[in-house]
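Notes to accompany the following structure.
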Amino acid sequence: MSALLQITNLQAKGMSKPVSWQIEAEQLWLLYGPSGSGKSRLLKAVADLIEHQGSVSLQQQDMYSISAPQWRRQVMYFPAETAWWLDTVAEHFEQVPTENDLAKVGLQHSILQQHVDQLSSGEKQRLALLRGLQFQPKVLLLDETSANLDPTSTLKVEALLQDYLQQNQAAAIWISHDQAQRERLACPTYCCSIEELYATES
Amino acid sequence: MQTEMILISYWDLAMLSVLVILMGAVLWLQGFSHVRQYYWANIRTVVQLSFMGIWLSWVFNADSAIWVTLVGLIMLLAAGYEIAKRQQYRFQKYRSVLIGLLSLSMTALVLLVLVLTLVVKPEPWYQPQYAIPLLGMLLGNSMTAIGVGLDNLTRNARQLKSKIEAQLALGYTAKESMKFIKQQSLHAAMIPVINMLVAAGIISLPGMMTGQILAGADPLEAVKYQIMIMLLIATSTAAGTLIAVELASRKLFDERQRLHLDVLVKAKK
């Protein structure tokens, strides 16, 4: 079976070496490494948000064979700092999430009518996750997605993501500095430090 | 009711300039830190307008298309340069000037030709007495609106970078991701124009109409001219700003719709 996501000799500014990586459907990789080592840059390059060398393909379709917005809808980057450009939460959704969707990440339905300035960073992070998942991306690039969450919410987000990957035959790369989270979700098979990636010859 | 215009002497103007010098001193005593610019701006006004006077009487006498074109071109270039000068963040390699020139010539210049050939119809249509003042009014207003619109766009793009990138990451196009900033820029550029239109005739007496009345024209005729100018200004500022904001926001992205703010450089003050 061919890989879902194939990264070949990908390098962007801020990454010390080119990276090659194969990711299969339903895999959840946890990526770690010191700050400034190029983890976020790697994910942004995979989503074609920054300039880079090398190639990335999804289900054997090269990044450059489709438009950048189409690519980013399927290979979606979730930044560590969420950003909101309209007034209320609901305006940021094409399809407003159901009560059930929100409950899965521990949020109330009334949060949709709130002004984005009133949200805590943990609430924003969970809402940003739902905001992206509505497009049903095939690859999720999660940049410290649970960094601002309390332990209960973290577990809920983890469960949601694992379900999502299974139901959609999708895969994810998740940057996490939380050792316990890595062990819980991925180690030893799918844990990976950025240095290991740099060290692997393609 | 054509009456003879009362002439002002150079001596009168010199008296008025004393007032400006005094005001500069008062401003300085109040701690205003830009007195030098204040004086410099006044000197520039006097010198530029004097040259314009000499120039225009020359061009009016010559009455040739080449001279009108030349004066028009100089005015256009100066307006493009002024637009770029008002930007806190400019595009590299004089692209701000280019954006300004392009949006000015696609609106103010086109409107001028249309109004001269279809509405006013002087003989010949490029007669400097009509062409140059009309162009000046269109350029002046468009320049201000475009300058404000562009400055707003580039400053917001820098400040709200993460909000643009969040939308790009979600697979929205560059155009969609810039929409909220473009709206703000258009708003900032158009509000002064809207205010000017609202104030005309009640709070302010527009300059051109005042000039014609002072020169002895019938107020009703002067008003018709002024209404025409106002409608032209309303059109050219709106179209010019739309074009400039569109051009500028495209230049912020590459062919893969990635945001590139390094095309902007901070102006040295």
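We name chains A, B, ... by the order of the sequence lines, and we start the count at 1 in each one.
When heavy atoms are compared at a cutoff of 4.5 Å, A:I66 approaches chain B solely by way of its backbone atoms N, CA, C and O. Contacts between A:I50 and chain B at a heavy-atom distance below 4.5 Å involve the backbone alone (N, CA, C, O).
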Which donor-acceptor pairs lie under 3.5 Å between chain A and chain B?
residue: A:D48; atom: O; partner: B:R258; partner atom: NE; Å: 3.4
residue: A:D48; atom: OD1; partner: B:R258; partner atom: NE; Å: 3.0
residue: A:D48; atom: OD1; partner: B:R258; partner atom: NH2; Å: 2.6
residue: A:D48; atom: OD2; partner: B:R256; partner atom: NE; Å: 2.7
residue: A:D48; atom: OD2; partner: B:R256; partner atom: NH2; Å: 3.1
residue: A:I50; atom: O; partner: B:R258; partner atom: NE; Å: 3.3
residue: A:M63; atom: O; partner: B:R256; partner atom: NH2; Å: 3.0
residue: A:I66; atom: O; partner: B:R256; partner atom: NH1; Å: 2.8
residue: A:I66; atom: O; partner: B:R256; partner atom: NH2; Å: 3.2
residue: A:R72; atom: NH1; partner: B:Q257; partner atom: O; Å: 3.2
residue: A:R72; atom: NH2; partner: B:R256; partner atom: O; Å: 2.7
residue: A:R72; atom: NH2; partner: B:Q257; partner atom: O; Å: 3.3
residue: A:R73; atom: NE; partner: B:L170; partner atom: O; Å: 2.9
residue: A:R73; atom: NH2; partner: B:L170; partner atom: O; Å: 3.4
residue: A:W84; atom: O; partner: B:K163; partner atom: NZ; Å: 3.2
residue: A:W85; atom: NE1; partner: B:Q167; partner atom: OE1; Å: 3.2
residue: A:E94; atom: OE2; partner: B:Y172; partner atom: OH; Å: 2.8

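Applying the disulfide (SG to SG under 2.5 Å) criterion to A:C192, with sequence neighbours excluded, gives no partner residue. In this structure, A:E123 has no salt bridge (charged side-chain N to carboxylate O under 4.0 Å, His left out) partners at least two apart in sequence or on a different chain.
For residues 6-40 of chain A, the ring-ring contact (aromatic ring centres under 6.0 Å, His included) pairs, not counting sequence neighbours, are A:W21-A:W29, A:W29-A:Y190.
Pairing each heavy atom of B:G171 with each of A:P69, the nearest pair is O-CB, 3.4 Å.
No more than 12 heavy atoms of other residues, nucleotides or ligands shown are found within 6.0 angstrom of CD on A:Q60. When the shell of 6.0 Å around CD of A:Q108 is examined, it contains 12 or fewer heavy atoms from other residues, nucleotides or ligands. Atom CE of B:M190 has more than 12 neighbouring heavy atoms from other residues, nucleotides or ligands inside a 6.0 Å radius.
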